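What follows is one structure encoded as structure tokens, with my remarks underneath.
Both counts, for ligands and for their atoms, begin at 1 and track the order of listing. Nothing here was measured: the structure is a model prediction, and the numbers come from that model.
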Amino acid sequence: MPINELKQRVRQIIRLLKRAYPNAKCSLNHANAFELLIATILSAQCTDARVNIVTQDLFRKYRKPEDYLKVSEKELQRDIRTTGFFRNKTKSIQGTAKVLTEQYGGIVPSTMDELLDLPGVARKTANVVLGNAFGISAGVVVDTHVTRLSHRLGLTKQKTAEKIEQDLIPIVPKKDWVIFPHLFIAHGRAICKARNPLCAECVVEKLCPSSYLKTGVMP
Ligand code: SF4
């Protein structure tokens, strides 16, 4: 599809989803950029709901980067255990806390390059922090929901998050880069589920080439 038509389609999709999900926002509880950074590291391969349960106590115990360096690896592993992959996540969190303490005076930096230098921080985490804590549109967050919906809605054929993001950046208006993933996540959870999407109830059905109402095949 020509890029201008694709852009037009994306704008319509965003408009309809904003109407359907007026309260769509980051669902990881946080009070500042540092808490969002930790929550996002914990959210890898874990639901946001589970992360929010764990961070309720975690953020009371650990208030600043150096607090994570005062405990043993084993203790932090115990504190985040239920989010899964807790050994790697402990390494990332303590590594990140060390760099923040030693190089940034305990403050989370606000550029993509600086964030990507933190241990265990990849582009998705950096985008989440920049967009939601600093209001900076540096890219589009691509998670499992954004991947699935972008495929079904015909916005990309790419497989990796990095390449999908590169397809989305030219067709999603920059002012919507931060809200876009929240809209897709809300729609993915409510309607365009991984299994048995509810195409008959979908507000963007008319714009979707994968709708089973058109194809007769469950996407
Ligand atoms: S029509 Fe179906 S496949 Fe397409 S976005 Fe809606 S729920 Fe998903």
Side-chain angles (χ1 to χ4, degrees), residues 1-29 36 39-40 42-52 83-84 122-132 135 137-219:
M1 178 181 286
I3 183 122
N4 281 342
E5 274 179 49
L6 208 48
K7 279 185 177 173
Q8 184 63 25
R9 174 134 64 101
V10 170
R11 270 199 288 271
Q12 284 176 281
I13 290 169
I14 291 172
R15 188 168 47 80
L16 291 164
L17 292 181
K18 277 183 179 170
R19 204 183 293 159
Y21 308 99
N23 300 318
K25 63 177 174 61
C26 178
S27 52
L28 291 169
N29 293 339
L36 182 56
T40 310
L42 292 175
S43 72
Q45 312 289 324
C46 180
T47 64
D48 290 357
R50 163 57 50 194
V51 172
N52 287 339
T83 67
R123 201 173 156 88
K124 176 181 163 236
T125 302
N127 268 332
V128 169
V129 173
L130 287 172
N132 297 282
S137 303
V140 178
V141 172
V142 176
D143 76 342
T144 163
H145 295 287
V146 175
T147 298
R148 184 174 71 256
L149 270 72
S150 297
H151 283 149
R152 288 178 176 170
L153 285 159
L155 309 183
T156 183
K157 289 190 169 69
Q158 296 293 344
K159 296 276 186 283
T160 66
E162 285 75 19
K163 287 186 176 166
I164 292 169
E165 185 186 1
Q166 290 316 308
D167 276 357
L168 293 176
I169 278 174
I171 56 175
V172 176
K174 188 163 185 182
K175 68 175 176 54
D176 292 319
W177 282 4
V178 177
I179 192 70
F180 180 86
H182 299 317
L183 294 170
F184 270 31
I185 290 167
H187 194 54
R189 285 184 179 142
I191 302 290
C192 191
K193 302 161 191 267
R195 283 189 205 157
N196 300 326
L198 309 173
C199 300
E201 298 171 33
C202 175
V203 292
V204 293
E205 192 275 328
K206 285 192 169 47
L207 300 161
C208 180
S210 310
S211 163
Y212 68 67
L213 305 184
K214 295 188 187 97
T215 64
V217 181
M218 194 58 83

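- With a 6.0 Å radius and a threshold of 12 heavy atoms from other residues, nucleotides or ligands, Lys25 has its NZ atom at or below the threshold.
- Within the protein, the N, O or S atoms lying under 2.8 Å from atom 2 (Fe) of ligand 1 are Cys199 SG.
- Here the closest heavy-atom approach between residue Lys124 and residue Val142 is recorded as CD-O, 3.6 Å.
- Each of Arg11, Arg15, Lys18 was evaluated against Asp176; a single residue qualifies, Lys18, per the salt bridge (charged side-chain N to carboxylate O under 4.0 Å, His left out) test.
- Under the rule for a salt bridge (charged side-chain N to carboxylate O under 4.0 Å, His left out), the partners of Arg189 that lie at least two apart in sequence or sit in another chain are Asp48.
- Note that CD of Glu5 and CD1 of Ile3 are 11.0 Å apart. Values are rounded to the nearest 0.5 Å.
- Considering every non-hydrogen atom in both Asn127 and Val141, the closest pair reads CB-CG2, 3.6 Å.
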